[in-house]
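Down below is the structure, laid out as structure tokens.
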Amino acid sequence: MKTIIAKVSRFDPGRDEAPHLHDYTVEVYEGARVLHVLHAIHDTIDPSISYRYCCGSGQCGSCAVRVDGEPVLACMEEARDGMTVQPLDLPVVRDLTTDLAPTLRSVPFLAPRGDAIVLPCEVVEEIKPLRSCIECLACVSVCPAMKVTSFTGPTAMRQEMRLTLDPRDTRDRIEEAVAAGLFTCTSCQACWKACPKEIAIPGKAIERLRAYASTRGFTLPRHREVAALIRETGRSVTRTAPGFLEEVPIDNPPKIRERGVVGFFVGCMYNLRLPAAARDAMEVLSRNGIRVVIPPTQVCCGSPLIRTGQTEFLATLKERNIDAFVTRGISRVMTMCAGCGTTLKNDYSTPFEVLDINEVLTEHDIEPPAHLFLRVTYHDPCHLLRGQGIRNQPRALITQVADLVEIPAICCGSGGGVKSGNPDEAAALGSRRGEAIAASGAEAVISSCPFCEFHISGHTDRPVENIASLLLKGYRTADERKGGR
Amino acid sequence: MRSFDVSDCHVLVIGSGGAGVRAAIEASPHGETVLLSKTLTGKGGCTTMAEGGYNAVLRAQDSSTCHFEDTMKGGAFLNDPALVSALVDEAPARVSDLLRWGAVFDVNDSAEVAQRPFGGQRFPRTCYAGDRTGHEMIRTLTEHLATTNVNVVEEVAAISLLSGNGRVCGAAGLDQKGELRLFSADATVLATGGGTRVYDVSTNSSSGTGDGYAMAYEAGATLIDMEQVQFHPTGAVYPYDARGRLVTEAVRGEGGVLRNGAGERFMARYDPDRMELSTRDVVARAIATEVQEGRGTPRGGVWLDVTHLPPEVIEARLPVMLEQFLKFGVDIRSEPMEVAPTAHHLMGGVQISPSAATCLPGLFACGEVAGGVHGANRLGGNALADTQVFGRRAGDSAGRSEKRVVQIDRAQVEVIETRLNRLYEGECDPANVRRTLQQAMWHNVGIFRTEEGLKLALAEVCSLSNLQLKARTALQLAECRTVQNMCTTASLIVRAALLRPESRGAHVRRDITQNWDATSSPYGHTFISTAREGIDVRGSAT
């Protein structure tokens, strides 16, 4: 037996104004799950504690709760000493019990044609990954879009896709999905990462539904314009001034002894909207001995097309981008845009390695920047944190320059074509970020994604900077301090 | 006395697992149907946890005669043949229902529903959806339920059946706030599932507490063969707090082998012909014997090994097992699973006719709460088929019941209320009573039984039943009633076990030597009701 101390959220709607955390100390066996700690509290301390469970084996989806902020199945997650157990971020009935019924009722169901047909093998294989959902609603609890706009949510979209694939179903699921908020998803992938069954809802359901919607003419006008622009110019944003790519040399040897070489996939935003950050990154890389090769023939990665379901032109973009680097013999390609990075890593099959700039800069010790007397917060770009699993590297860099205060990692609203297609929703999510930033007390916001940086700038009074720009500030201050001495 | 709020309907279905949902779907066209669910519909019960599959004769090379014989033989010929006929004859049509409603079963290269071999069957007739077959079924059923007019009442625990004019006419339940809710109905379907949660080690979900057996017994129904408890051979042993978690028979169906602590494939000593795919009673006894005789693993189990299978087969056919064991730190692609028997299924239950009628007018029963289909040992894959075949039959019979004016007997409701109110004045913690009961049942009414152990257990169960349970708040009333139901169900199991003076199927009496086997046994069903109890003896009227 071992002792576990857990903080558990208690809330009696008849008595309490707000939920509060209560400390419990219980004895459980080695390997006990969170559920067993709750059982022990119920059996030995307070039988009035309310929590749902049924199967105890991860198959019924009754017992999802948040442990230390992350949604998990209580029956499968190993209990940790010192953990905090809270209900999912859904309306709370009592303690850890949330009101799941309204959402469960909103998940569409098959409208059968009436024949008992056996599906072909390939259809079964396509549907299966969408079918293992246990409706625990962890995905719904973390979906940012559902909090600010009308959207039936991730698992409803999963089901719309599953029904689209099923020849026995009689309804027009594409039209239904569009009406249910298909284009409100920001592609933040929080649903996928929260799913205990690891169902990749954004890629396996939402983007596919959007592709069907595209063939049916449901694509939003603004998204069609972006697609047309990409087809015409190879870029997803218009050229209002000479771009970064037009102004930098192809080969950029470092100022100090060379420690490595990367090809730089610049991306449309750093090329045409935020070139200053890209230039800052070049200087930081140079000071750390990284040779940067920038093939000028590179084009848009295609992310705006994939996220909005307009995939016709994608193959051409992929070919041109892969060629751009392969013809120069580059084996490591660096992205600085989180969106391009996740696309190259997850939607391409590249003959070269793809790394985000945060990975490149944390491979070796970097030249130490000056520590600025600055309190910053870091906004995790969805496509970096969830798309590429990059969490610690940016923090390791930031804390060399500034003091870091954390805010919860929630989508800012700029992804998935939402900023262009549903600007009100994007603004609502941006405002929530603005509030979180203000509440953190940070003097500046650091991020590592041009979309996030651009969007958040419009919703906070604090300066928003790219991580490379912050590092460069640290270097310049260090230079000044040296020079001043 | 305060006035009661009574919901009236034509058919009341109690239980939202595979059988209950199927019954509600079938009853719905006949009149207003209420589905009373203790949990959120589709999440409770054991159907959603059922992993392995659904037995149905689908191929020309197979036959319902063969399925019938396998089921009877597997059940040690204690099964009610008319129920078995219904099961094997209709199982295929009920698969078709599921396919019509959207089920996604695995298919083979010839675009037929795929089937895998399961224990005790001469033909691979177990249809499946990976190792989440029951989940696939319950998703399909709940989706189809949404297309009907069934009124689903969620998170209300039924606590007593209501009777009037010699008929069952509804039920009383407790909602999430501990308020009494009354339902009157022309016909009531009991589909409350099983009760092996009365054992310390069980595969059942939280709802497998035997409420249906207890409610039917108290209402006067006859229950048969309650001593027949299936111990699934392979339950997880780690982590201890999750002991008993089902490791599907599909693991052995796909080729998994059992080895004892010394690495020996011990099934060769118990059933050399069928080996790991022998019937569950045989495999469970073999594992228990290995462990008892000191040939177990460090944690008191045996090894179940699929590491010889290609990893992609494990990933495709056993994804839930792979995922669960990974969560518990074991990669079954490269390491064996540690398993031991776990209480799994009650073969016995409320006696039903082939139309799912009980001996009480107005009460029908289906699924695990009903007895007689599986005899003394259930074949893997027959339970899911049972839920659909008898769920449909119960729903149909209940739906066809005559419509009448149902009056709830106020005196009866007062008795229920008084019983609930007494719980506020009790002094015993229900969680303690539950734990003591589970231990007593596990140690004395397990795989191997003796009269002495059974009597010990009966005395313990009786003394626990007489304790005054304490509900600290209205929210705890349902929990107390559940523990009382567990005590009642446990006492039915023990009493029936004492009534059967032989070893038969899952019921093994170590203190009895017999000179007959299942085919020549002089005994038939054990039966228990509030009025009488006994055992049928061949050739004599009961």
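Proteins come first, then strands; the chains are lettered A, B, ... in the order of their sequence lines, and each starts at number 1. Nothing here was measured: the structure is a model prediction, and the numbers come from that model.
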From the list E154(B), R132(B), K38(B), Q476(B), the residue making the most non-hydrogen contacts under 4.5 Å with chain A is R132(B)

Tell me if a side-chain donor or acceptor on R168(A) pairs with a main-chain N or O of G102(B) at a distance below 3.5 Å.
yes

Heaviest contributor of heavy-atom pairs below 4.5 Å to chain A, chosen from T48(B), T473(B), L40(B), is L40(B)

Honestly, the part of V113(B) sitting under 4.5 Å from a heavy atom of chain A is both

OG (S48(A)) and CD (E479(B)) are apart, to the nearest 0.5 Å, by 10.5 Å

In this structure, CD1 of I117(A) is separated from OG of S96(B) (nearest 0.5 Å) by 12.0 Å

Between the CD atom in E155(B) and the CG atom in L100(A), the distance rounded to the nearest 0.5 Å is 8.0 Å

Here the gap from Q59(A) atom CD to M49(B) atom CE, rounded to the nearest 0.5 Å, amounts to 6.0 Å

Requested in this report: Step by step, work out the salt bridge (charged side-chain N to carboxylate O under 4.0 Å, His left out) result for K43(B) and E135(A).
Outcome: CA-CA 9 Å; K43(B) 293 193 181 296; E135(A) 298 194 337; 5.2 Å; no

Heavy atoms of D43(A) and D429(B) approach each other most closely as O-OD2, 3.6 Å

OH of Y238(B) to CD of E30(A), rounded to nearest 0.5 Å, is 5.0 Å

With chain B, the option among Q159(A), K128(A), R105(A), R52(A) that has the most non-hydrogen atom pairs under 4.5 Å is R52(A)

Of T41(B), D241(B), D109(B), the largest count of non-hydrogen pairs under 4.5 angstrom with chain A goes to D241(B)

Honestly, the part of A316(B) sitting under 4.5 Å from a heavy atom of chain A is backbone

Looking only at heavy atoms, the pair that brings P239(B) and R33(A) closest together is CG-NE, 3.9 Å

Whatever's closer than 4.5 Å to a heavy atom in chain B on L104(A) counts as side chain

Value for SG (C60(A)) from NE2 (H135(B)), rounded to nearest 0.5 Å, stands at 9.0 Å

Between E323(B) and P196(A) the two heavy atoms that sit nearest each other are OE2-O, 4.2 Å

For T39(B) and C54(A) the tightest heavy-atom approach is CG2-SG, 3.4 Å

Taking every heavy atom of V124(A) against every heavy atom of V104(B), the minimum-distance pair comes out as CG1-CG1, 4.0 Å

Applying a strict 4.5 Å limit to non-hydrogen atoms, the region of H39(A) in contact with chain B is neither

- Query: Any salt bridge between K327(B) and E198(A), counting N to O under 4.0 Å?
  - Reply: no

For residues V118(A) and E112(B), determine if any side-chain heavy atom of one lies less than 4.5 Å from a side-chain heavy atom of the other.
no

Honestly, the part of R113(A) sitting under 4.5 Å from a heavy atom of chain B is neither

* Please examine the side chains of R94(A) and L475(B), heavy atoms only from C-beta on, and report whether any two atoms are closer than 4.5 Å. => yes

Would you say the side-chain atoms of Q324(B) pair up with the backbone N or O of S57(A), donor to acceptor, closer than 3.5 Å?
yes

Checklist entry - Given E143(B) and R131(A), is the salt bridge (charged side-chain N to carboxylate O under 4.0 Å, His left out) satisfied, shown in steps? => result CA-CA 12 Å; E143(B) 275 189 42; R131(A) 195 64 175 156; 3.0 Å; yes

Exercise for the section: Answer yes when D46(A) and R472(B) have at least one side-chain N-carboxylate O distance shorter than 4.0 Å, and no when they do not. Expected result: no

If one checks every heavy atom of A111(B) against chain A at 4.5 Å, the contacting part turns out to be backbone

In terms of heavy-atom pairs under 4.5 Å with chain B, the winner among A40(A), A32(A), P47(A) is P47(A)

